[in-house]
Amino acid sequence: MTARVDLDTKERARQVFENAGLDMTTAINIYLKKAIAVNGVPFPVTANDALDAATLKAHDEIKHGDYDSFASVDDWYQDLTHGD
């Protein structure tokens, strides 16, 4: 197998693997076997931006009941402008 990797990335990865007692070939084989085992990329691949992170946080808060509820928009606005 041949892969093109910029020299900085290759060297930094080599140092990480060396610190873990691995050579590049072993590390790549581990990655490939894990990809086979999970039938995909063995870690999340995302392009999250700040809005995505805020949306995920809000979704998590709602899921866990960690939110305020208001009887009207006026009540919400009052809390927003004069709340804690």
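- Phe17 and Val5 fall into different hydrophobic clusters, where Ile, Leu, Val, Met, Phe, Trp and Tyr are joined by side-chain heavy atoms under 4.5 Å apart, directly or via other members.
- The distance from atom CG of Leu22 to atom CG of Asn29, rounded to the nearest 0.5 Å, is 11.0 Å.
- Although no hydrogens or angles enter the test, the distance criterion places a donor-acceptor pair under 3.5 Å between the side chain of His64 and the main chain of Asp60.
- Annotation for Asp6: atom CG counts as buried by contact number, over 12 foreign heavy atoms lying within 6.0 Å.
- Atom CZ of Phe70 is surrounded by more than 12 heavy atoms from other residues, nucleotides or ligands within 6.0 Å.
- Nearest heavy-atom pair, Tyr31 versus Val41, reported as atom, atom and distance to 0.1 Å: OH-CG1, 4.1 Å.
- With contacts defined as side-chain heavy-atom distances shorter than 4.5 Å, the pair Leu32/Ile28 qualifies.
- Thr9 contributes atom OG1, which lies 15.0 Å from atom CZ of Arg4 (distance to the nearest 0.5 angstrom).
- Distance check: Ile30 CD1 to Thr25 OG1 gives 11.0 Å after rounding to the nearest 0.5 Å.
- Scanning for side-chain hydrogen bond (donor to acceptor under 3.5 Å, both in side chains) contacts around Arg12 gives an empty result, with sequence neighbours left out.
- In this structure, Asn19 contributes its side chain and Gln15 its backbone to a donor-acceptor pair below 3.5 Å.
- Atom-to-atom distance recorded for Thr26:OG1 and Met24:CE is 11.0 Å, nearest 0.5 angstrom.
- Grouped with Tyr67 in one hydrophobic cluster are Ile62, the linkage being side-chain heavy-atom contacts under 4.5 Å among Ile, Leu, Val, Met, Phe, Trp and Tyr residues.
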